Number of protein chains: 2
Amino acid sequence: MKLTIKDIAKMAGVSPGTVSKIINDTGSIGWKTKEKVLKIIEETGYQPSFSAKSLATKKSNLIGLIYAGEIDVDFNHPFFNQVINAFRKTIGQMGYDILVFSNNQFSKSNQDYLARCKHFQLDGCLIVAGDYIEDSIYELDQSSVPCLGVDIELTGPSSSYVTTDNSKASAKVVEYFYLHSIKEVAFIGGPEDSVISDIRKQGFLQSMNQLGMTVKPDWIQYGNYFEESGYQAMKSILANRPYPQAVFAASDMMALGAMKAIKDAGLNIPVDIKLVGCDDIEACRYSDPALSTVKQDKDKMGRLAAYMLNDLINGDTEPSSILVDPELVIRESSAVDTKKLSI
Amino acid sequence: MKLTIKDIAKMAGVSPGTVSKIINDTGSIGWKTKEKVLKIIEETGYQPSFSAKSLATKKSNLIGLIYAGEIDVDFNHPFFNQVINAFRKTIGQMGYDILVFSNNQFSKSNQDYLARCKHFQLDGCLIVAGDYIEDSIYELDQSSVPCLGVDIELTGPSSSYVTTDNSKASAKVVEYFYLHSIKEVAFIGGPEDSVISDIRKQGFLQSMNQLGMTVKPDWIQYGNYFEESGYQAMKSILANRPYPQAVFAASDMMALGAMKAIKDAGLNIPVDIKLVGCDDIEACRYSDPALSTVKQDKDKMGRLAAYMLNDLINGDTEPSSILVDPELVIRESSAVDTKKLSI
DNA sequence: TATATCCATGAAACCGATTTCCTTCAGTGT
DNA sequence: ACACTGAAGGAAATCGGTTTCATGGATATA
């Protein structure tokens, strides 16, 4: 039978209020009683009831995790999961647990994130996004619930976000090609209405222009971040000659798809076409050839997200945003000399 | 300001109890009042408070997700995450949300899973395991909390589990080799104290014996399921000649590590040594050569887990267990003729 | 028409904490 | 000695629901 605070109070010969004060270290309590009560708590293994506590305090110490967007972003997304994992560890240190919304098609009300936040009295939310803002995400963003976006630009009154400096990511890739005299480069983006993808595209175009490299319209294609779409996009690019000398894809999975298309066309990577992806997921290291990519510091993003969200919850800060610097990782798929580069 | 059940009651001119009965469809209520109240709820977007509700009912509609084990199993584990994802979708349909324990080193009490289950009044738990039973998992298993293990044999009074038929997995691999006259095969297992790994090993040894293939003790090595350990294990195996003709690793990641070691030794896969992994994670398809593996039906496992756990929670069933049949997927790394096999 | 039955609803206790306010009492200052 | 201060701890209201039980009216039975 579960112990309640009353049981503890009775055992210690004090009132429930006193026990509560001892547990939460509020009010003023003599050290003798304090010690006695603490001992009993220890011995009995008493744990205060979560629901009673959050009912009384209107706090939950729970962070909601929302996988947003049209795309099927979920527990096995190679990029977001690593961010989330770092987030989880850091936020755990601060005493929060994580509640995952089970994106239930079932009842319409489950789509309503704001309502669910209130329902659970969540202290805050982490929103990882396949980039696409749904109405109910927007509504949540604009509410007073502290929100932290990963790769999604939240603008609400108590929302911050962290994202990779995507413009710089593109610039680094373009510069790399430029330095090696590779001037004809194609781009495979995410969905056209995706903010992140658009930033990458704009960064790409801008760098290309600045460096005097021309961009062929046919060499700009769009996918949905996943493998198959990269394959198709690359097919389109290879539909007409001349071929580009290099391709930059806005996600590794699309790059891997593109890799397959290039191979299917009987071309060699990196000799005929060089290829660079984006994200640095694990599979890059195992592909043949190993995929060059723009590495996003996922651990750092996760940790930052945790700190920023905590600040937001405590009202320590105004909404803010942080751009994390990306790093270009050159592997075989864009190696510029004949000898293979090692990982 | 948040609406309470009393507000709704007042607006509808009925008592809170009546509203509650309407929401939960209990008791008997006239259709006119029912309709009136429902309309108001609809209009106001009223949502009952989670904490108040679970305080009163002692239920939470929450499932705890526990990543157990010594190994750092977490949000970016390629195998478990896919299982969890399928689980999440299915259990979501049933109206549950998922609470992730944030494995907080901080306070000792956070290690105590049972206490935390009671604290949150969880309806049940999903335990995915890096195979190693910690004391606090054992305690949880033996309690009355409904638990469902994935790849971990839970034996408690209200625990079920689902796992791949690991013995059969090994058998299929061995048989495959046997059929192609490959009789010298090495084995790289998980941690020696891991139950799952042991089953795979026993299955391996047994099949080998049955088919009259001899097993060299040096050809049995152990890792920790991760890449680096596979690399090391393979190094040991290659330390002495003769080399085995084939290697079966108990995880894909270890197989990928082994692949690297074999390449480093200047050997060719599959010509010199054939290699088969286990799990069928994504990276298998991208490695060079593409890795053969024993595929575990992760979606099915996740779905089954959800159904079984739900049954357990509703008291519909006795504890039970299901072994899911594995499937041997042959790719390039164990191809038996010269022409490359496609995926 | 009188009585038994049933349906719809309300009143109130309860779930297990927190928190405000109040009382008591010991110690201080004069 | 006497009022005063502040610390220690208790009583009770509260958070927002659920659930049991009682009650009054409508309907069915005799």
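Per chain, numbering begins at 1; letters A, B, ... match sequence-line order. These numbers were taken from a predicted model, which means no experiment stands behind them.
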Review point. To the side chain of B:K21, which of D:dG17, C:dT9, C:dG16 is closest?
Key: C:dT9
Exercise for review: Look only at the side chain of B:S159 and the backbone of B:T155, and say whether a donor-acceptor pair between them is shorter than 3.5 Å.
Suggested key: no
Check your understanding: D:dT18 phosphate, OP1 or OP2: any side-chain N/O from B:K53 under 4.0 angstrom?
Key -> yes
Check your understanding: Whole Å only: how far is the CD1 atom of B:I29 from the P atom of D:dT18?
Key -> 12 Å
Exercise for review: Would you mind reading off the distance between B:Q121 atom CD and D:dT18 atom P, rounded to a whole angstrom?
Suggested key: 14 Å
Check your understanding: Hey, does the side chain of B:T57 come within less than 4.0 Å of D:dT18's phosphate (OP1/OP2), counting only N and O?
Key -> no
**Study point:** B:Y46 side-chain N/O to D:dG17 phosphate OP1/OP2 under 4.0 Å
**Key:** yes
Point to revise | Heavy-atom neighbours of A:E43 CD exceed 12 at 6.0 Å | key: yes
Practice item. For B:K59 and D:dG17, give me the distance from atom NZ to atom P, rounded to whole Å. Key: 18 Å
Point to revise | Nearest-nucleotide pick for B:K58, side chain only, options being D:dA8, C:dG16, C:dT9 | key: C:dG16
Check your understanding: Do side-chain atoms of B:D299 reach the backbone of B:A86 as a donor and acceptor pair under 3.5 angstrom?
Key -> no
Review point. Can you find a side chain N or O atom of A:S28 that sits less than 4.0 Å from OP1 or OP2 on D:dA8?
Key: yes
Check your understanding: Does a side-chain N or O from B:K2 land closer than 4.0 Å to OP1 or OP2 of D:dG16, or not?
Key -> no
Review point. Quick one: are A:V37 and A:T18 in side-chain contact, heavy atoms under 4.5 Å?
Key: no
Exercise for review: Report which part of the nucleic acid A:S54 touches: base, sugar-phosphate, or nothing (heavy-atom distance under 4.0 Å, all strands).
Suggested key: nothing
Review point. For B:D7 and D:dG17, what is the distance between atoms CG and C1' respectively, to the nearest whole Å?
Key: 13 Å
Practice item. Rounded off to whole Å, could you give me the CD-to-P distance for the A:Q47 and C:dA17 pair? Key: 10 Å
Check your understanding: Toward the 5' end of DNA chain D, which comes first, B:T18 or A:T18, by nearest nucleotide?
Key -> A:T18
Review point. Can you check whether B:S20 has a side-chain N or O nearer than 4.0 Å to OP1 or OP2 of D:dT18?
Key: yes
Exercise for review: Just call it for A:S51: base, sugar-phosphate, or nothing, with non-hydrogen atoms closer than 4.0 Å on any strand.
Suggested key: nothing
Practice item. Could you pick out which residue, B:L55 or B:G30, lies toward the 5' side of DNA chain C when each is mapped onto its nearest nucleotide? Key: B:G30
Revision key, fill the gap. Closest to the side chain of B:S49, out of D:dG16, C:dG10, C:dA17, is D:dG16
Check your understanding: Going by an N to O cut-off under 4.0 Å, is there a salt bridge joining A:D97 and B:R116?
Key -> yes
Review point. What pair of heavy atoms forms the shortest contact from B:L140 to B:C147, and how long is it?
Key: CG-SG, 3.7 Å
Study note, to complete from the structure: Taken to the nearest whole Å, CD1/B:I5 to C1'/D:dT19 is 12 Å
Exercise for review: Scan A:V19 against the nucleic acid and name what it touches under 4.0 Å (heavy atoms): base, sugar-phosphate only, or nothing.
Suggested key: nothing
Point to revise | Interatomic distance where CG belongs to B:L3 and C1' belongs to D:dG16 [whole Å] | key: 12 Å
Study note, to complete from the structure: Taking for A:G17 and for B:G13 the nucleotide of DNA chain C with the nearest heavy atom, the one nearer the 5' end belongs to B:G13
Check your understanding: Between D:dG9 atom P and A:N24 atom CG, what is the distance in whole Å?
Key -> 16 Å
Review point. OP1 or OP2 of D:dG10 less than 4.0 angstrom from a side-chain nitrogen or oxygen of A:S15, does that happen here?
Key: yes
Check your understanding: So does A:K34 reach the base of D:dG9 with its side chain, donor to acceptor, closer than 3.5 Å?
Key -> no
